[in-house]
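I have placed the structure first, in the form of structure tokens, so that the comments after it can refer back to it.
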Amino acid sequence: MSKIREEHAFIPESDLEGVSVDTLAVRAGQIRTAQLEHSDAIFPTSSFVYGSAAQAAARFGGEEPGNIYSRFTNPTVQAFEARIAAMEGGERAVGTASGMAAILSTCMALLQSGDHVVCSRGVFGTTNVLFQKYLARFGVETTFVSLTDMDAWKAAVRPETRMLFLETPSNPLCEVADLQALADLAHANDALFVVDNCFCTPILQRPFEYGADIVIHSATKYLDGQGRCIGGVVIGSNALMEEVYGFMRSAGPSLSPFNAWVFLKGLETLPIRMRAHCASALELAQWLEQHPAVERVYYAGLASHPQHALAGKQQKGYGGVLSFRVKGERAEAWQVIDATQIISITGNLGDTRTTVTHPATTTHGRLSPEDKAEAGITENLIRISVGLEDIDDLKADLARGLDSLSR
């Protein structure tokens with residue numbers, strides 16, 4: 001007689017030991033209630049009750065584990081945190097209200113006045129503003145360097161440097177950083193190495209395998225995958241995440257249970273979505289590279305990309321985001337964007353729907369002209385986040401504007 005498998009409210013981690021990231025995306029972190037539901041439960045509650053005053057005191061005092069208040073303890077959020085931590089290969093994750101809240105929580109928890117950060121120029125525009133404007137008010141200085149210039153990274157490090165921060169591939173020029181080299185540089189100088197892995201997700205890139213100390217996501221992007229909710233997450237060691245959790249608990253940039261549940265559902269399809277995004281983005285990049293109205297295409301999957309070999313080594317795919325320069329200036333770029341009928345004109349990315357934006361006036365619009373120039377954000381640059389539509393339909397949609405420029 002075959003043994004009847006007992007169903008667990010908490011699925012033992014040993015049951016998932018050694019499985020692939022695809023399986024973790026579906027199975028890791030699930031918390032079942034006494035009803036033994038098959039799907040993930042959602043707990044839309046602000047607070048939790050106790051059996052006695054003594055138990056309440058023990059929970060609040062940290063003497064007994066358990067939920068207290070959904071600002072910092074909620075089962076649905078914890079399930080999402082456990083799943084993404086398992087997928088990235090980190091010890092613990094902390095969910096936050098947005099991707100920017102994840103970056104802010106990391107910095108506020110682990111930096112102090114007098115500390116110095118070295119950050120790549122090719123980060124999301126608001127990340128640049130956070131470091132350059134707001135953290136500077138509290139005595140944290142940031143030096144911005146080229147993502148791919150190791151000599152510039154080395155020259156920027158000081159005795160007071162406490163963090164190296166970057167996105168790879170970069171936004172929006174798709175430059176690729178040498179993760180191992182930068183991890184070695186950070187650790188040789190007693191600094192933390194923090195990687196925003198938003199563009200690749202753990203399906204395509206796992207920065208901890210190359211020495212990262214902390215991985216950050218805007219869950220709003222590919223982790224959700226359908227442009228429904230705002231959220232973020234920070235992943236790292238138990239010790240580092242305890243500090244981030246402490247800031248999140250006290251300051252309150254919390255991830256809502258509903259949004260966490262949506263992200264859990266998004267993670268289940270993340271592997272197949274990312275592979276589809278990659279396939280379409282590569283085909284679109286190759287097509288754009290041959291179009292007479294296109295000056296240059298930025299996509300690591302192209303053999304013409306300067307870090308093509310490095311991306312092939314570090315990543316299991318080249319991602320769904322690309323950018324290109326049209327021949328002309330802002331007017332010509334806007335003409336191409338405005339001629340689209342299917343593609344959505346929006347600043348978001350990582351959606352099932354293809355999106356297009358003009359970085360110089362949207363996502364990076366708050367940067368100074370000098371910062372834009374240094375980051376390569378020109379007026380003729382267009383960014384595309386390739387969705388899951390038919391690739392021929394996307395080519396035809398972009399051709400409306402590009403062909404008009406050629407004529």
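Here the structure is a predicted model, which is why all the values come from computation and not from measurement. The residues of the chain are indexed from 1 along the displayed sequence. As a basis for the values below, the full set of heavy atoms in this structure was taken, side chains included, without hydrogen atoms, waters or symmetry mates.
- Ring to ring, F324 and H291 are not that close: their centroids are 6.0 angstrom or more apart.
- A donor-acceptor contact closer than 3.5 angstrom links the side chains of E91 and N238.
- Between the side chains of T354 and E389, at least one donor-acceptor pair of N or O atoms lies under 3.5 Å.
- Below 30°, between 30° and 60°, or above 60°: for F60 and Y50 the angle between ring planes is above 60°, a perpendicular geometry.
- With 3.5 Å as the limit, one finds a donor-acceptor pair spanning the side chains of H217 and E88.
- With no hydrogens or angles considered, a side-chain donor-acceptor pair links N171 and R383 at under 3.5 Å.
- For the residue pair T23 and R27, no side-chain donor N or O sits within less than 3.5 Å of a side-chain acceptor on the partner.
- For T357 and T362, the side-chain atoms include at least one donor-acceptor pair closer than 3.5 Å.
- Both the sub-6.0 Å distance and the 45° axial angle are satisfied by R92 relative to the ring of Y245.
- Remark: K265 NZ is packed, more than 12 non-hydrogen atoms of other residues, nucleotides or ligands lying under 6.0 Å away.
- At a cut-off of 3.5 Å, with distance as the only test, no side-chain donor of D371 or H364 sits close to an acceptor on the other residue.
- Shown here is F258, whose CZ atom has no more than 12 heavy atoms of other residues, nucleotides or ligands within 6.0 Å.
- Applying the side-chain hydrogen bond (donor to acceptor under 3.5 Å, both in side chains) test to S404 and every residue at least two apart in sequence or in another chain returns Q335.
- Every residue two or more places apart in sequence or in another chain that forms a ring pair (Phe, Tyr, Trp, His ring centres under 6.0 Å) with H277 is listed here: Y222.
- A donor-acceptor pair shorter than 3.5 Å cannot be found between the side chains of D178 and Q307.
- Residues T201 and Q205 bring no donor and acceptor atom of their side chains to less than 3.5 Å of each other.
- When only modelled atom types and interatomic distance are considered, E289 and S304 share a side-chain donor-acceptor pair under 3.5 Å.
- Heavy atoms from other residues, nucleotides or ligands lying under 6.0 Å from CD of Q35 number 12 at most.
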